[in-house]
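Read through the structure below, which is laid out as structure tokens, and then see the notes.
Numbering of ligands and ligand atoms starts at 1, following listing order. None of these values were measured; they are calculated from a predicted model. For the single chain, residues carry numbers from 1 onward in sequence order. Heavy-atom basis, side chains included; hydrogens, waters and symmetry copies ignored.
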Amino acid sequence: MTENYIGILTSGGDASGMNAAIRAVTRSAIFNGLKVKGIYRGYEGLIADEVKELNTEDVSNIIQRGGTILKTARSKDFMTPQGRAKAYETLRKEHITALVIIGGDGSLTGARIFADEHEDIVCIGLPGTIDNDLYGTDTTIGYDTALNTIVECVDKIRDTATSHDRLFFVEVMGRDAGFLAQYGAVAAGAEAAIIPEDHTDADQLETFINRGFRKTKNSSIVIVSESNKDKGALHYAKRVEKEYPQYDVRVSILGHLQRGGSPSAYDRILASRLGDGAIQALLEGQRNVMIGIHNDQIAYIPFAEAIKTDKPIDKSLIRILNELSI
Ligand code: ATP
């Protein structure tokens, strides 16, 4: 009888700690007598049959590395029924009966649709995204590392901001979620954060300026989420130049450096627990769930729940930032 395999892939944007998760899934599976195949380049590689068996030594020396050894991709083909049918053919051919998908909300949306179409394949998701926008898990793999990188950068920007008495708008990633911006602002002691979750009718920039957030200080840092809804740091800088010309304003867009680098200890432990959690879930007969950690406990979250939009940000963080930035 042919032995079955667990397939593992990383999809969407890369996130630090994905390698630690690949290592954990592979080793935990082998420890429990299961076999693993790595699928390269996410759903693209699944469609194109870019598959290789993973043994324990294949995942040696990767827990500390950023990025993903399996590479990642965004796949237009997987968004079509024909593309997903090809992906299914690959799984049949490779004797893969369970698939572990490490990615963000898009990747898990794809997994959910695929799981509905092909009931003989068990899909398990792991939250791998710097955006922290998946429901049911307190944090996602890569978020903590990205947050630490942001704080390190903002600390450096503050040195130059203070030396020149400047107002800096620092744009951070997060897609439509403001976790990196809000928590980054608190951690870096920034004066304000402009995030999509804090949208009211009031103009956020006007509110900050009217609050006099710069009156007692000779420099200020405002972290702006990249979200389209907020139009980004350049937009706000232009507005300040026009509406409040007394301020010497600058912009720094942190960009892709937020994705790279060695994962933090927190992300390595999170990825290790989630990777092991994926195998435990399979052994328990779970299917079509994302593994998360909520209140320090492993949680199984149905895909539909995990990918709900607008994961809320704890509003107390907004209040605390306002309070501490006087
Ligand atoms: P990140 O949070 O880092 O951006 P992500 O997983 O959300 O990661 P996306 O680019 O949104 O990244 O999605 C990754 C891939 O998942 C897409 O390229 C596509 O192949 C698949 N995918 C996304 N949405 C769907 C969908 N509605 N149907 C099928 N596949 C999808």
| field | Salt-bridge criterion met for E89 and K93 (N-O under 4.0 Å) | value | no
| Is any NZ, NE, NH1 or NH2 atom of the basic residue among K35 and E3 found under 4.0 Å from an Asp or Glu carboxylate oxygen of the other? | yes
| said: If we count only N and O atoms by modelled type, under 3.5 Å, do the side chains of T10 and T68 hold a donor and an acceptor together? | reply: yes
| note | Counting heavy atoms under 4.0 Å, the part of R175 that contacts ligand 1 is side chain
| Options G12, P127, S107, ranked by nearest heavy atom to atom 6 (O) of ligand 1, top entry | S107
| said: Looking at E117 and R112, is any side-chain nitrogen of the basic one under 4.0 Å from a carboxylate oxygen of the acidic one? | reply: no
| request: Please say whether Y43 places an N or O atom under 3.5 Å from an N or O atom belonging to ligand 1. | output: no
| request: Check each atom of ligand 1 against the heavy atoms of I113 and keep those under 4.0 Å away; list them by number with element. | output: 26 (C), 27 (N), 28 (N)
| said: Just to confirm my output: which protein heavy-atom neighbour is closest to atom 2 (O) of ligand 1, and how far is it? | reply: T129 OG1, 3.0 Å
| query | Is the shortest side-chain N to carboxylate O distance from K86 to D77 below 4.0 Å? | reply | no
| said: Applying side-chain contact (heavy atoms from CB on, under 4.5 Å), can you list everything that pairs with E305, at least two apart in sequence or on another chain? | reply: I301, P302, K308
| query | Is the NZ or CZ atom of K238 positioned over F169's six-membered ring, under 6.0 angstrom from the centre and within 45° of the axis? | reply | no
| Nearest option to atom 8 (O) of ligand 1, as decided by whichever heavy atom of G174, G13, G83 sits closest | G13
| Just distances here: any N/O of R259 and N/O of ligand 1 closer than 3.5 Å? | no
| Sequence neighbours excluded, every pair satisfying ring pair (Phe, Tyr, Trp, His ring centres under 6.0 Å) that has a member inside residues 4-54 | Y43-F78
| query | Is the shortest N/O to N/O distance between G106 and ligand 1 below 3.5 Å? | reply | yes
| Short list, please: which atoms of ligand 1 are under 4.0 Å from a heavy atom of D131? | 2 (O)
| query | N/O of K76 under 3.5 Å from N/O of ligand 1, yes or no? | reply | no
| Ion pair present between K311 and D105, side-chain N to carboxylate O less than 4.0 angstrom? | no
| What protein heavy atom sits nearest atom 27 (N) of ligand 1, and how far away is it? | T109 CG2, 3.6 Å
| query | Which residue supplies the protein heavy atom nearest to atom 15 (C) of ligand 1, what is that atom called, and how far is it? | reply | S11 OG, 3.7 Å
| field | Structural part of F78 in contact with ligand 1, heavy atom criterion under 4.0 angstrom | value | both
| request: Do me a favour and list the nearest non-hydrogen protein atom to atom 10 (O) of ligand 1 with residue, atom name and distance? | output: R74 NH1, 2.6 Å
| query | Hey, quick one: are Y88 and L108 part of the same hydrophobic cluster, counting side-chain heavy atoms closer than 4.5 Å, chains of contacts allowed? | reply | yes
| What residue and atom, counting heavy atoms only, is the protein's closest point to atom 18 (O) of ligand 1, and at what distance? | S75 N, 2.7 Å
| note | Quick look: D105 vs ligand 1, heavy-atom contacts under 4.0 Å, and the answer is both
| message | If the cut-off is 4.0 Å to any non-hydrogen atom of G104, which atoms of ligand 1 fall inside it? | response | 2 (O), 5 (P), 6 (O), 7 (O), 8 (O)
| field | Basic-acidic side-chain contact under 4.0 Å: E226, R175 | value | no
| field | S316-D314 side chain donor-acceptor pair, cut-off 3.5 Å | value | yes
| Which ligand 1 atoms, with their elements, are less than 4.0 angstrom from a heavy-atom of G110? | 29 (C), 30 (N), 31 (C)
| query | What protein heavy atom sits nearest atom 25 (C) of ligand 1, and how far away is it? | reply | M79 CE, 3.6 Å
